[in-house]
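Written below as structure tokens is the structure these notes are about.
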2 protein chains.
Amino acid sequence: MTTEPVRLLLADDEHLIRGALAALLALEDDLTVVAQAASGPEALAMAQAHQPDVAVLDLQMPGLDGIEVAGRLRRLAPDCRTMIVTGHGRPGYLKRALEVGVRGFLPKTVSAADLAGIIRTVRGGGRYVDPELAAEAISAGDSPLTPRETDVLELAADGASVAEIAARAALSPGTVRNYLSSAAGKLGAENRHAAVRLAREHGWI
Amino acid sequence: MTTEPVRLLLADDEHLIRGALAALLALEDDLTVVAQAASGPEALAMAQAHQPDVAVLDLQMPGLDGIEVAGRLRRLAPDCRTMIVTGHGRPGYLKRALEVGVRGFLPKTVSAADLAGIIRTVRGGGRYVDPELAAEAISAGDSPLTPRETDVLELAADGASVAEIAARAALSPGTVRNYLSSAAGKLGAENRHAAVRLAREHGWI
DNA sequence: GGTCGGCGGTGACAAATGTCATCGGGATCG
DNA sequence: CGATCCCGATGACATTTGTCACCGCCGACC
């Protein structure tokens, strides 16, 4: 298909994984890893410096997560296709990823051969989404929460009291309680803490 | 040092990682991967079937986690040394791991060369613990919670109400509140949800 | 034997939270 | 223009939670 090798950027904060992945992908004749990064900002810098064809990004990284990196890459390096590899596949993440132009989204349970194939697909302009994650995302659907409800629920995520949340969100405590109550109601949760857990599981916060 | 190669068992639920790791370790002349597993129970079965010298276990796996597998391996295959590789290094995990006889505990941020060296160390009867994780574990110290407080806090972890916890723990609601209050006090938390978060961060629940 | 700490419980009180009705201001859409 | 929805807020009320004091029982330790 293509005569020149695919130039890859690999970003993952776990050296062991990244190194192993690089070694594995290097075995493929038509793939070459031109840069590696251990954090979100580093990935951006590397992408600008090396102009890879495809960036393989881990979802959870220090600094910026993979999705944010992908979003910024679209501006900084429009020719670079992006794909996300993740351990925990929360449905909401997939949606967010697709919105910022990610072309591949897969769990770390895929085999190396599959990964190489998907990289070629993405390089060629195609897309790939793990079928299981896609099914979950479709069945989970969109977040029923309004933007404000989401904000407030996020602030509640670490166990803060209503007063703290109100202070941090610059809202009245009563309003915060209303949002939390409404969010918990929409999520079918007994209280806001269960709501936080549910929203997390769906990738909505 | 040794004339025969080290026989390895690799257990990790992420195929991509496991495969890449296997490929990487296979490059070392004195290491040979004799079995792989994608879950805790599978790791146990593989260990019995292949009697490896060293078992490299991921901490988070379906079924049984790496520490539980290590604990059972000590009985099922006493000659097999165990080591844990983990992405998130919570201090409490290290302590639990050492208690069940794990000889190596390291984050996934180590390089492949280091991993190979540590495998040799462990095979030779030595131990290795990541310095950073060790420091955290020492500074974090033991859990200040009594066994019962820990139980109740665990039951509170998913946002359950006092009544639910009481029912599940077969305790009076008042007693549950007392334990939660005391646990939150010991942890310096504002409420039980923050206490849950803190206890989680320390690996105490 | 006495002391101490963990366990399990009760009762009471204050504080935080959940729930509901209701209000006004904007934005958006038909 | 009216309908609808999100935003932000207030007030009132019931419920839940947090906190404290205090009880008895048991086991460990000095």
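Quick note on labels: first sequence line is chain A, next is B, and so on, each numbered from 1. Remember, predicted model here, so these are calculated numbers, not experimental data.
- With dC7(D), dG8(C), dA9(D) as the choices, the nucleotide that has an atom nearest any side-chain atom of L171(B) turns out to be dG8(C).
- In terms of polar N and O atoms assigned as donor or acceptor, the side chain of R177(B) comes within less than 3.5 Å of the base of dG18(D) in a complementary pairing.
- Distance, L153(B) CG to dC7(C) C1': 17 Å, rounded to whole Å.
- For S181(B), the side-chain atoms get nearest to dG18(D) when compared with the rest of dG9(C), dA9(D), dG18(D).
- When the shell of 6.0 Å around CD of E201(A) is examined, it contains more than 12 heavy atoms from other residues, nucleotides or ligands.
- Counting to the nearest Å, the C1' atom of dT17(C) and the CD atom of E164(A) are 14 Å from each other.
- Ion pairing of D58(A) with K108(A) is present here, as a side-chain N (NZ or NE/NH1/NH2) and a carboxylate O approach within less than 4.0 Å.
- When heavy atoms are screened at a 4.0 angstrom cut-off, T175(A) is found touching base atoms of the nucleic acid.
- Taking the side chain of R148(B) as heavy atoms from C-beta on, and the options dC7(C), dC7(D), dT10(D), the nearest nucleotide is dC7(C).
- Ranking dC7(D), dG8(C), dG18(C) by closeness to the T146(A) side chain, first place goes to dC7(D).
- Rounded to an integer number of Å, the gap from OH of Y179(B) to P of dT17(D) is 18 Å.
- Looking at the side chain of L180(B), the nearest of the listed nucleotides dT17(D), dT17(C), dG18(D) is dG18(D).
- In this structure, the CD atom of E190(A) is 11 Å from the P atom of dG18(C), given to the nearest Å.
- Here the P atom of nucleotide dT16(D) and the CG atom of N191(A) are 11 Å apart, to the nearest Å.
- Atoms CD1 (I165(A)) and P (dA16(C)) sit 13 Å apart, rounded to a whole Å.
- Whole-Å rounding puts the H193(A) NE2 to dT15(D) P distance at 19 Å.
- Partner of R148(B) under the side chain to side chain donor-acceptor pair (under 3.5 Å) criterion, chosen from D151(B), T146(B), T150(B): D151(B).
- Comparing dC7(D), dT17(D), dC7(C) by their nearest atom to the side chain of V162(B) picks out dT17(D).
- With hydrogens and angles ignored, a donor-acceptor pair closer than 3.5 Å exists between the side chain of N178(A) and the base of dT10(D).
- Side-chain contact check for S181(A) and N178(A): no donor-acceptor pair (N or O, by modelled atom type) lies under 3.5 Å.
- Where K186(A) and G174(A) meet DNA chain D, the nucleotide closest to each residue was compared, and K186(A) sits on the side nearer the 5' end.
- A donor atom on one side chain and an acceptor atom on the other are found under 3.5 Å apart for S182(A) and E149(A).
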